[in-house]
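Inspection log for the structure reproduced underneath, given as structure tokens.
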Amino acid sequence: MSGMPRGRRRERGGGVSDFRTDGYAAIDWAANYLERVGELPVLAQVAPGDIRARLPARAPDDPEPFSAVLRDLDEILLPGVTHWQHPRYFAYFATSASEPGILAELLAATLNSIAILWRTAPAATELEGVVLDWTAELLGLPSGWHGHIEDSASTSTFAACVAAREATGRDLIVCAEHGHSSIEKAARMLGMRLRKVPVDDQFRLRADALGDLSDAAVVVATVGTTATTAVDPVPAIADACAASGTWLHVDAAYAGSAMVCPEYRWAFAGVDRADSLVVNPHKWLLTPMDCSLLWTSRREDFRRAFSVVPEYLRTPDAEDSLSLSEYGPALGRRFRALKLWAVLRCYGRSGLQRHIRSGISLAERFEAWVADADGWELCAPRTFSLVCFRLEGDDERNRRLLERVNASGELFMSHAVLNGRYVLRLAIGQVSTTEADVRRAWDVLVREAARL
Ligand SMILES: Cc1ncc(COP(=O)(O)O)c(C=O)c1O
């Protein structure tokens with residue numbers, strides 16, 4: 001870096017900033033935030049419109065210093081932040097943006113590599129292939145699959161449905177009743193039909209109810225459903241897909257990360273037969289939003305579905321086939337691989353395993369407290385780091401309990417509806433969550449239940 005000017009005041013677009021001074025202040029802000037986030041209310045204690053009302057209606061006419069941005073971040077925006085980085089964030093699927101991932105995001109923004117073509121970003125493109133291969137190996141996937149990064153599992157599943165339609169010439173998507181809403185959204189955006197298959201008593205797709213798949217483009221099986229983290233019977237679904245020439249897409253957006261631990265690989269049985277697979281490191285693998293990994297064993301089908309190369313983007317085919325914009329919806333692709341690379345290197349296999357095992361063992365403890373307590377019931381088998389439970393009594397009682405608990409600011413949880421009943425979900429996934437945090441969550445639940 002010796003050729004780079006140091007400590008220079010830079011004119012950018014009319015604004016003046018000292019990048020180094022402002023940068024240190026921003027890093028200080030980030031470090032202080034991560035140190036004290038556990039003291040803040042988890043769920044933002046604001047009403048709709050509160051934050052907007054405190055912000056000017058127009059952008060400034062003249063440049064302001066970056067310090068003004070940091071000041072308003074503290075004073076205006078922070079009260080309107082729901083803290084996903086909080087150790088008592090237990091809603092939806094709890095996630096962590098780890099420190100190596102955060103720093104790599106800064107570097108990716110600094111480089112601003114835009115991978116429209118291989119030649120516009122050779123390092124970003126090739127590193128993406130490498131981290132996808134590394135992660136495939138860490139999760140026990142077959143070697144040789146083609147992988148790339150999308151922004152979200154919603155986009156990954158959408159892309160898989162596009163490829164499946166192209167490859168099969170059919171227009172029906174099949175998934176379980178508990179398949180994620182992104183599947184229904186993909187069907188709607190694509191004008192494809194959707195058929196939902198009933199689930200068994202453990203909320204898994206009933207393979208015996210798949211029905212005739214001869215007109216199905218794709219079956220989406222889920223490993224780790226959103227409501228309960230149930231694992232669909234992928235081997236039986238793969239048999240049915242193979243018999244009918246149907247594409248098999250596996251949605252392991254949340255639970256896929258757990259496959260870094262060999263003891264959970266049973267949940268990936270049959271996934272080696274999938275045509276495509278999505279896993280989100282931004283859910284449970286310590287990577288900041290957004291980072292969704294999409295693999296396919298049918299690289300050429302993906303390329304056929306997505307390759308549109310106008311003259312201005314044409315390069316020799318040896319380069320074109322490496323351009324990851326040929327395998328998904330976006331042309332301009334950002335350098336997401338950098339943060340995943342940083343996470344994989346700075347945690348290593350052992351660090352990632354520790355993170356997954358810690359979340360699951362905390363969930364086991366919470367599950368045991370619920371099981372032993374009078375007046376509470378467990379509502380679904382616990383497979384990974386999510387516990388579904390409820391207070392005895394009607395749905396309204398549980399709804400009010402959840403509102404009270406979340407309003408306390410001490411923790412944040414979400415809910416699901418199982419067999420028509422409202423249930424509470426406690427999802428563990430934050431790297432900073434300790435047994436004391438989970439214990440506090442249980443104490444707050446018991447306290448608020450007594451006050452209902
Ligand atoms: C199983 C499953 N699939 C897909 C999604 C959608 O993920 P994204 O927000 O990355 O689109 C979720 C979100 O929680 C999920 O739980």
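No hydrogens, no waters, no symmetry mates; every other heavy atom, side chains included, goes into these values.
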Notebook entry, point to check: Looking only at side chains, do Thr95 and Trp84 share a donor and an acceptor under 3.5 Å apart?
Noted result: no
Check: Can we call the ring centroids of His86 and Phe412 under 6.0 Å apart?
Finding: no
Next item on the list: For the pair Lys339 (side chain) and Pro288 (backbone), establish whether a donor and an acceptor sit closer than 3.5 Å, ignoring hydrogens and angles.
Entry: yes
Notebook entry, point to check: Which atom pair, heavy atoms only, marks the closest approach of Ala217 to Met192?
Noted result: CB-CE, 3.8 Å
Next item on the list: May I ask you to decide if the ring planes of His146 and His148 are parallel, tilted or perpendicular, using 30° and 60° as cut-offs?
Entry: tilted
Next item on the list: Might you point out which heavy atoms bring Thr433 and Pro87 nearest each other, and give the distance in Å?
Entry: OG1-O, 2.7 Å
Next item on the list: For atom CD of Glu99, decide whether the heavy atoms of other residues, nucleotides or ligands shown that lie under 6.0 angstrom number more than 12.
Entry: no
Next item on the list: Only one of Ile173, Asp275, Leu277, Val278 passes side-chain contact (heavy atoms from CB on, under 4.5 Å) with His249; say which it is.
Entry: Val278
Check: Hey, are Glu364 and Arg357 close enough for a salt bridge, meaning a charged N less than 4.0 Å from a carboxylate O?
Finding: no
Item checked: Any side-chain donor near an acceptor of the partner, Arg365 and Ser361, under 3.5 Å -> yes
Notebook entry, point to check: What closest approach, in Å, do Ile149 and Arg333 show between heavy atoms, and which atom pair accounts for it?
Noted result: O-NH2, 2.6 Å
Note to self: For Met259, is there any backbone N or O sitting under 3.5 Å from a side-chain donor or acceptor partner on Arg265?
What the structure shows: yes
Item checked: Under 3.5 Å: donor-acceptor pair, side chain of Arg165, backbone of Val218 -> no
Next item on the list: Give a yes or no answer on whether the side chain of Arg88 reaches the backbone of Glu410 with a donor-acceptor pair at less than 3.5 Å.
Entry: yes
Note to self: Between Thr222 and His180, do the side chains contain a donor N or O and an acceptor N or O under 3.5 Å apart?
What the structure shows: no
Note to self: Salt bridge or not between Arg193 and Asp171? Use side-chain N to carboxylate O under 4.0 Å.
What the structure shows: yes
Item checked: Asp72 (side chain) donor-acceptor with Leu77 (main chain) under 3.5 angstrom -> no
Check: If you round to the nearest 0.5 Å, how far is OG of Ser414 from OH of Tyr89?
Finding: 7.0 Å
Margin query: With rounding to the nearest 0.5 angstrom, report the OG to CG distance, Ser385 to Leu362.
Written below: 9.0 Å
Item checked: Derivation of the salt bridge (Lys or Arg N to Asp or Glu O under 4.0 Å) call for Glu177 and Lys196 -> CA-CA 5 Å; Glu177 273 172 64; Lys196 290 201 179 173; over 6 Å; no
Next item on the list: Carefully, step by step, assess Glu367 and Leu378 under the rule side chain to side chain contact (heavy atoms under 4.5 Å, CB included).
Entry: CA-CA 8 Å; Glu367 178 189 36; Leu378 294 165; 3.8 Å; yes
Item checked: From CD (Glu326) to CD (Glu319), nearest 0.5 Å -> 11.0 Å
Item checked: Side-chain touch Leu139/Val260, heavy atoms, less than 4.5 angstrom -> yes
Notebook entry, point to check: Judged by modelled atom types alone, do Arg170 and Thr246 share a side-chain donor-acceptor pair under 3.5 Å?
Noted result: yes
Item checked: Minimum side-chain heavy-atom gap Leu132-Leu293 below 4.5 Å -> yes
Check: Taking the inter-plane angle between the rings of Trp442 and Phe366 on a 0 to 90° scale, is it parallel (under 30°), tilted (30 to 60°) or perpendicular (over 60°)?
Finding: perpendicular
Margin query: Please check if the number of heavy atoms outside Tyr92 that lie under 6.0 Å from its OH is greater than 12.
Written below: no
Next item on the list: Could you tell me whether Arg304 and Asp301 make a salt bridge, using a distance below 4.0 angstrom between a side-chain N and a carboxylate O?
Entry: yes
Note to self: For a 4.5 angstrom cut-off between non-hydrogen side-chain atoms, does Arg354 reach Ser350?
What the structure shows: yes
Margin query: So does Ala221 get a backbone contact from the side chain of Asp232, meaning a donor-acceptor N/O pair under 3.5 Å?
Written below: no
Checklist line | Heavy-atom check, side chain of His83 versus side chain of Leu78, under 4.5 Å | finding: yes
Next item on the list: Would you check, one step at a time, whether the test salt bridge (Lys or Arg N to Asp or Glu O under 4.0 Å) holds for Arg20 with Asp18?
Entry: CA-CA 6 Å; Arg20 202 174 294 272; Asp18 184 324; 5.9 Å; no
Note to self: For Glu126, I'd like to know if atom CD has over 12 heavy atoms of other residues, nucleotides or ligands within 6.0 Å.
What the structure shows: yes
Check: Taking Thr155 for the side chain and Asp151 for the main chain, is one N or O donor matched with an acceptor at less than 3.5 Å?
Finding: no
Notebook entry, point to check: Is the closest side-chain heavy-atom distance between Gln85 and Leu34 below 4.5 Å?
Noted result: yes
Item checked: Nearest atoms (heavy-atom pairs only) where Val197 meets Ala209 -> CG1-O, 3.6 Å
Item checked: Intermediate values then yes/no, side chain to side chain contact (heavy atoms under 4.5 Å, CB included), Leu340 and Leu344 -> CA-CA 6 Å; Leu340 183 55; Leu344 298 182; 4.0 Å; yes
Check: From Leu107 CG over to Leu338 CG, what is the distance, rounded to the nearest 0.5 angstrom?
Finding: 6.0 Å
Margin query: Could you check whether Glu137 pairs with Arg349 (Lys NZ or Arg NE/NH1/NH2 to Asp/Glu carboxylate O, under 4.0 Å)?
Written below: yes
Notebook entry, point to check: Between Thr296 and Arg303, is a side chain to side chain contact (heavy atoms under 4.5 Å, CB included) present by the stated rule, with each step listed?
Noted result: CA-CA 11 Å; Thr296 180; Arg303 191 168 178 215; over 6 Å; no
Checklist line | Donor-acceptor pair between Ser182 and Thr157 side chains, under 3.5 angstrom | finding: no
Checklist line | Test log, rule side chain to side chain contact (heavy atoms under 4.5 Å, CB included), inputs Glu166 and Trp247 | finding: CA-CA 10 Å; Glu166 180 74 18; Trp247 186 285; over 6 Å; no
Notebook entry, point to check: Taking Thr229 for the side chain and Leu386 for the main chain, is one N or O donor matched with an acceptor at less than 3.5 Å?
Noted result: no
Note to self: Once rounded to the nearest 0.5 Å, what's the spacing between atom OG1 of Thr383 and atom CZ of Phe203?
What the structure shows: 10.5 Å
Item checked: Taking every non-hydrogen atom, the tightest pair across Ala207 and Pro233 -> CB-CG, 4.2 Å
Notebook entry, point to check: Closest heavy-atom contact between Ala363 and Ile428?
Noted result: N-CD1, 3.6 Å
Next item on the list: Run the salt-bridge test on Asp290 and Arg334 with the 4.0 Å N-O cut-off and return the result as yes or no.
Entry: yes
Next item on the list: Give, for atom CG of Leu190 and atom SG of Cys161, the distance between the pair rounded to the nearest 0.5 Å.
Entry: 6.5 Å
Check: Backbone N or O of Ala230 within a donor-acceptor pair of the Thr225 side chain at under 3.5 Å?
Finding: yes
Notebook entry, point to check: Within a strict 4.5 Å, meaning less than it, do heavy atoms of the Phe93 and Asn280 side chains meet?
Noted result: no
Checklist line | Parallel, tilted or perpendicular: ring planes of Trp284 versus Tyr254, cut at 30 and 60 degrees | finding: parallel
Check: Side chains of Asp437 and Thr434: do they bring a donor and an acceptor to under 3.5 Å?
Finding: yes
Next item on the list: Measure the shortest side-chain to side-chain distance between Val279 and Thr135 over non-hydrogen atoms and say whether it is less than 4.5 angstrom.
Entry: no
Item checked: Side-chain donor/acceptor of Thr82 to backbone N/O of Leu43, under 3.5 Å -> no
Note to self: Are the side chains of Thr226 and His178 in contact, using a 4.5 Å heavy-atom criterion?
What the structure shows: no
